[in-house]
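What follows is a structure written as structure tokens; I'll ask about it next.
It should be emphasised that the depicted structure is a prediction, and the values quoted were computed from it without experimental measurement.
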Amino acid sequence: MAIQAISTKIISTLGNKESLIPIMVKDGVDSASLTYKSFKEGGKVEGVDRAIDEFGTQAIWIGGIPFYKKLIDWTAYKLAKINPGVDPRIIANKEYAQWAKENAQGIMSNSKTQSVKDAISDCLKNGGNKAKNLYKGKIIAATALTLGTFFLLTKTKQKNTKNTVLNDINNNKKSNTFDTFITTQTPDIFADIENFKKNNDNKPSFKGIIKNVSDAIMFNPVHNMKIIDAGITTERIGCSRNKVEFAEHSIKEGLFLFFLYGFGPLIEKGINKFSSKVLNKPIDLEIDVLMDSKFADALKNGKIASDLRKMPVGKSLTDKLNFIVQNPDNIIVQAAKKSNIVSTVKDKAGNSVVDTSKYIDMKAIDSLIENLKNIDDKFKVSNEPVKKFLNKAKALKVTSVMTNIGISCLFLGYVIPKLVYKYREMKTGTTKFHVEQDLKNNNK
């Protein structure tokens, strides 16, 4: 049972469209393969250059936004006396905000003492403008600071590579490590920042700016990460040291973003459609729902159809939200909790209750209802025992998720690096590190 729970958790995490874990897995494969390829094809200097770039970027990419967000939570939010755990989408909707406040029962998950009701009340003061503006400022600041940190990493890496090559030219065998560079050369980075927009004959011109950050990006960690990746791509291309590197970054980054964010969902959607239309096994529900014994019982005894009829479709937002709070045994509510559409929190008695400080996306609820109806309809005409039906559905779900990850990793870890170095060989006649050669030529 423990092994099953672990495997379910893994598939659930890798298949979660709003989780950063699948993206981290794909990015890790990309970084490791490119670093290996750089050592093998480009040489030691490029290998170190690439390792600093790829793994340093990963650390900033994964930790930058959460770190700066938490820093702002500890400072600006604390000074404003606002709990950062309240979703601003609730505050932005008057009807939702009123309902959330009236139905709040538990203790804030990020606080041992403050109640959900008090936290929401604090956010609603002065029309909620302070809370909304504070959140927007947090996202913009965290994103800008993360991209700024990446820029410093890029200039640091390039300085380190230049120093290493110059030391080799001067026959200085003393190791010029990254740590040595940090302690001796860092002040020069700020001069580089001032000159970032200046172009020279050997550096291509590239301009990019993010003017607007939509609510969808702000509230979704994956979409927020797309902004970071777009910024990193812009900075990498803009900081290219020669035209060949500019083209290499363009090839690598363009394909990287496609296979990281676009290709996987296309594969999953295709497999899901094939499974439903051809194999009559809908697998759009989360693996946690398909594995749930209560869901299996509901499918078997016809409870899904009856529970779906109880949902107040077409009614007001308040009616729908009330239904979710008041019907914890309804299969829609149970599946929504399993799918992380509805969050829970403990009340003072230790009971699990709906966390009204967390946003409930009614579009996601509507999609869940459609998926529940679809699987119920397919089961009824399958003439299969519920266990056999669900086992097939679960196997197909696992196949869908792993195929998504596997094919994406194949392209990210093998095809893209191969294309980059093939292009380099075509343009320069060799796979060796052209930046190193440029530095040597310029310092003869």
(message) Rounded at 0.5 Å granularity, tell me how far CZ in Arg236 sits from OG1 in Thr154.
(response)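 Here the interatomic distance stands at 7.0 Å.
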(message) Strictly below 4.0 Å, N to O, side chains only: are Glu54 and Lys252 in salt-bridge contact?
(response)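 Looking at Glu54 and Lys252, the cut-off is met.
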(request) Salt-bridge test for Lys363 and Asp361: reply yes if a basic N is under 4.0 Å from a carboxylate O, no otherwise. (result)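 No, no charged N to carboxylate O under 4.0 Å.
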(request) Tell me, please, which residues at least two apart from Lys358 pass salt bridge (Lys or Arg N to Asp or Glu O under 4.0 Å). (result)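 Scan of Lys358 (salt bridge (Lys or Arg N to Asp or Glu O under 4.0 Å), adjacent residues dropped) gives Asp355.
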(request) Say whether Asp49 and Thr161, considering side chains only, have a donor N or O and an acceptor N or O under 3.5 Å apart. (result)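 Yes, side-chain donor-acceptor contact under 3.5 Å.
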(request) Measure across Leu412 and Ile416 and return the closest heavy-atom pair with its distance rounded to 0.1 Å. (result)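 For Leu412 versus Ile416, the nearest heavy atoms are CD2-CD1, 3.9 Å.
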(message) Strictly by salt bridge (Lys or Arg N to Asp or Glu O under 4.0 Å), give each pair with a member in residues 96-120 just once, sequence neighbours left out.
(response)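 Sorted result for residues 96-120: empty, none.
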(message) Does this structure show an ion pair linking Asp30 with Lys26, if we count only N-O contacts that are shorter than 4.0 Å?
(response)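 No, this pair does not count.
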(request) Compute whether any side-chain donor of one residue and acceptor of the other, for Asn272 and Ser400, lie under 3.5 angstrom apart. (result)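 Note: Asn272 and Ser400 side chains meet the donor-acceptor criterion.
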(request) With side-chain contact (heavy atoms from CB on, under 4.5 Å) as the test, would you mind laying out the steps for Asn327 and Lys310 before giving the verdict? (result) CA-CA 10 Å; Asn327 295 272; Lys310 296 174 184 177; 5.8 Å; no
(message) If you compare all heavy atoms of Ile90 against all heavy atoms of Ala100, which two are closest, and at what distance to 0.1 Å?
(response)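 Taking every non-hydrogen atom into account, CG2-CB, 3.7 Å.
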(message) Just to verify, what does Tyr36 make a side chain to side chain contact (heavy atoms under 4.5 Å, CB included) with, not counting sequence neighbours?
(response)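 Checked Tyr36 against side chain to side chain contact (heavy atoms under 4.5 Å, CB included); matches are Lys40.
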(message) With side-chain contact (heavy atoms from CB on, under 4.5 Å) as the test, pick out the partner of Ile365 among Leu321, Val333, Ile341.
(response)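 The residue from Leu321, Val333, Ile341 that satisfies side-chain contact (heavy atoms from CB on, under 4.5 Å) with Ile365 turns out to be Ile341.
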(request) Run through Leu390, Ile375, Leu396 and flag the one making a side-chain contact (heavy atoms from CB on, under 4.5 Å) with Lys281. (result)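 Exactly one option meets the side-chain contact (heavy atoms from CB on, under 4.5 Å) with Lys281, and it is Leu396.
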(message) Could you measure the distance from the CD1 atom of Ile232 to the CG atom of Asp53? Nearest 0.5 Å is fine.
(response)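 The CG atom of Asp53 is 9.0 Å from CD1 of Ile232, to the nearest 0.5 Å.
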(request) Can you sort out the partners of Ala142 under side chain to side chain contact (heavy atoms under 4.5 Å, CB included), two or more places apart, ordered by chain and number? (result)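 So Ala142 forms a side chain to side chain contact (heavy atoms under 4.5 Å, CB included) with Ile65, Tyr68, Lys69.
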(request) Mind checking salt bridge (Lys or Arg N to Asp or Glu O under 4.0 Å) for Lys392 and listing every partner two or more places apart, or none if nothing turns up? (result)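 Partners of Lys392 by the salt bridge (Lys or Arg N to Asp or Glu O under 4.0 Å) criterion, ordered by chain and then number, come out as Glu384.
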(request) For Glu370, enumerate each residue passing the salt bridge (Lys or Arg N to Asp or Glu O under 4.0 Å) test, keeping only those at least two apart in sequence or located in another chain. (result)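 In terms of salt bridge (Lys or Arg N to Asp or Glu O under 4.0 Å), with neighbours along the sequence ignored, Glu370 is linked to no residue.
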(message) I need the full list of ring-ring contact (aromatic ring centres under 6.0 Å, His included) pairs touching residues 77-132, with sequence neighbours left out, sorted by first then second residue.
(response)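 Those involving residues 77-132 are Tyr96-Trp99, Tyr96-Tyr359.
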(request) Please name all residues satisfying salt bridge (Lys or Arg N to Asp or Glu O under 4.0 Å) with Lys125, sequence neighbours left out, ordered by chain then number. (result)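 In terms of salt bridge (Lys or Arg N to Asp or Glu O under 4.0 Å), with neighbours along the sequence ignored, Lys125 is linked to Asp122.
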Show me, pair by pair, the donor-acceptor contacts under 3.5 angstrom made by side chains of residues 293-307, not counting sequence neighbours?
| unit_1 | atom_1 | unit_2 | atom_2 | d |
| --- | --- | --- | --- | --- |
| Asn301 | OD1 | Lys303 | N | 3.0 |
| Asn301 | ND2 | Asp297 | O | 3.0 |
| Lys303 | NZ | Asp307 | OD2 | 2.4 |
| Lys303 | NZ | Asp329 | O | 2.9 |
| Ser306 | OG | Lys303 | O | 2.8 |
| Asp307 | OD2 | Ile331 | N | 2.8 |

(message) To check you understand the geometry: which heavy-atom pair defines the closest contact between Leu134 and Ala76, and what is its length?
(response)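 That would be CD1-CB, 4.0 Å.
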(message) Which heavy atom of Ile283 sits nearest to which heavy atom of Ala393, and what is that distance?
(response)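 So the minimum-distance heavy-atom pair works out to CG2-O, 3.2 Å.
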Just distance, no hydrogens or angles: give the donor-acceptor pairs under 3.5 Å from side chains in residues 312-319, sequence neighbours left out.
| unit_1 | atom_1 | unit_2 | atom_2 | d |
| --- | --- | --- | --- | --- |
| Ser316 | OG | Asp319 | N | 3.2 |
| Ser316 | OG | Asp319 | OD2 | 3.1 |
| Thr318 | OG1 | Glu95 | OE2 | 2.7 |

(request) Decide if atom OH of Tyr414 counts as having more than 12 heavy atoms of other residues, nucleotides or ligands within a radius under 6.0 Å. (result)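 It does not: Tyr414 OH has 12 such atoms or fewer within range.
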(message) Can you give me the closest heavy-atom contact between Ile52 and Asn160, atom names plus distance?
(response)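 Residues Ile52 and Asn160, closest heavy atoms: CD1-ND2, 3.6 Å.
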(request) Tell me, please, which residues at least two apart from Val435 pass side chain to side chain contact (heavy atoms under 4.5 Å, CB included). (result)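 By the side chain to side chain contact (heavy atoms under 4.5 Å, CB included) rule, Val435 matches Arg241, Asn242, Glu245, Phe433, Leu439.
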(request) Of all the heavy-atom pairs spanning Pro328 and Gln334, show the shortest one and how long it is. (result)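 Result for this residue pair: O-CG, 3.4 Å.
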(message) Strictly by salt bridge (Lys or Arg N to Asp or Glu O under 4.0 Å), give each pair with a member in residues 73-83 just once, sequence neighbours left out.
(response)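 Sorted result for residues 73-83: Asp73-Lys138.
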